[in-house]
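To find a chain, count down the sequence lines: A is the first, B the second, and so on, and within it residues start at 1.
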Protein chains: 2
Amino acid sequence: MLNKRSRYAIKALIFIARANALQHPASVSSIADTTTIPNKFLESILHDLKVAGFVLSRKGSGGGYYLSRTADQVFLADLIRVMNGPIAMVPCVSLNYYERCEYCADERTCGIHAVMEELRDASLAILAKTSIADLIRREDWMKEPEA
Amino acid sequence: MLNKRSRYAIKALIFIARANALQHPASVSSIADTTTIPNKFLESILHDLKVAGFVLSRKGSGGGYYLSRTADQVFLADLIRVMNGPIAMVPCVSLNYYERCEYCADERTCGIHAVMEELRDASLAILAKTSIADLIRREDWMKEPEA
DNA sequence: ATAAATCCTACCAAATAAGTAGGAATAGTA
DNA sequence: TACTATTCCTACTTATTTGGTAGGATTTAT
């Protein structure tokens with residue numbers, strides 16, 4: 001399961017992208033007010049997002065957060081890796097957090113390994129192509145089915 | 001990521017299936033010895049597997065654990081659900097552990113929801129068809145490529 | 001009887017997750 | 001210049017989950 005940091009991060013990025021589209025930054029409190037994410041917790045999540053390069057910020061009055069790239073270049077896979085950890089279900093098939101399997105002598109002959117690779121690829125096929133822009137499009141489309 | 005209970009459970013069930021194929025039960029210590037799973041921890045995992053109906057046991061000298069069904073009827077999806085929890089990455093798309101989403105007003109118009117359903121189905125497509133027997137076949141096949 | 005096994009209850013320690021507190025630094029505005 | 005709205009930074013707290021361990025009761029084959 002995704003942790004709350006990831007889920008909140010997705011929600012927050014959607015909000016920021018929408019604000020940016022209207023030419024203004026999104027402040028922590030504006031996001032917290034409309035999403036019910038605890039203010040201080042959100043602050044620390046946005047800090048992580050900044051360190052990871054997803055957003056930029058402007059301090060002071062009228063400041064807030066911006067996407068560092070267009071919303072169609074922010075992919076769920078990257079976001080989840082930063083906020084939640086590996087996409088894979090076992091470390092020995094993780095592309096970004098690989099750890100040698102401690103319990104099998106040889107990964108090449110481990111039956112579990114192969115299945116877990118399949119699973120990783122199937123997940124990645126979805127997560128690495130779905131962007132924040134896609135999520136926004138889906139929301140908008142679903143709210144106005146005749147558009 | 002899968003927790004250790006799940007990973008150990010998979011390893012243990014493979015061992016038990018192999019032992020059963022030779023007409024004898026698998027004792028906790030025989031499994032622990034060949035897999036490096038801590039003895040007492042394994043004991044508690046096997047207890048869970050019994051309660052969940054995956055295995056049967058016989059007490060006393062010469063006793064141990066049996067699969068309650070053939071190895072090709074023990075699927076990873078079922079095992080993971082019992083030992084690890086939901087397959088889905090968010091509770092609001094879980095088939096077996098559903099919880100209403102606390103942060104979106106309407107699931108039908110939530111853009112995240114739809115993607116998470118896709119992801120769940122992609123994972124399930126693999127996990128619900130892969131059995132312990134499949135894992136054993138893969139192991140055997142990979143160890144003897146010319147068979 | 002005895003040895004080999006499961007069964008059962010309780011406990012424990014470390015890690016992770018989720019969030020809070022308090023204030024310093026910065027930037028726009030009156 | 002003062003004020004206010006904001007991010008930035010460090011540290012703390014609290015609850016839950018994870019990965020075990022301890023110790024003994026019960027059952028069964030020999």
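- Between A:D134 and A:R137 there is a salt bridge, since a side-chain N of the basic residue sits under 4.0 Å from a carboxylate O of the acidic one.
- Side chain to side chain, A:D33 and A:S30 fail the donor-acceptor criterion of an N or O pair below 3.5 Å.
- A heavy atom lying under 4.0 Å from DNA chain C marks the following residues of residues 56-67 of chain A, by number: A:K59, A:G60, A:S61.
- Taking OG1 of A:T130 as the start and CE of B:M116 as the end, the distance is 8.5 Å to the nearest 0.5 Å.
- Ranked by how close their nearest DNA chain C nucleotide is to the 5' end, A:N84 and B:K40 are led by B:K40.
- Of the possible polar contacts, one joining the B:T35 side chain to the B:I31 backbone as a donor-acceptor pair under 3.5 Å is found.
- Between the CD1 atom of B:I16 and the CG atom of B:L49 there is a distance of 7.0 Å, given to the nearest 0.5 Å.
- Chain B approaches DNA chain D within less than 4.0 angstrom (heavy atoms of the protein), and the contacting nucleotides run 5' to 3' from D:dG19 to D:dA29.
- A:R81 places no side-chain N or O within 3.5 Å of a backbone atom of A:G85 that could act as its donor or acceptor partner.
- Between the CD1 atom of A:I87 and the OG atom of A:S94 there is a distance of 8.5 Å, given to the nearest 0.5 Å.
- For the pair A:R108 and B:M142, the tightest heavy-atom approach, listed with the atom from each and the gap, is O-SD, 3.1 Å.
- Nucleotides of DNA chain C with any atom under 4.0 Å from a heavy atom of chain B span, from 5' to 3', C:dA4 to C:dC8.
- Annotation for A:A71 and A:S131: closest pair O-CB, 3.5 Å, computed over non-hydrogen atoms.
- The two residues B:G111 and A:E139 make their nearest non-hydrogen contact at N-CG, 3.5 Å.
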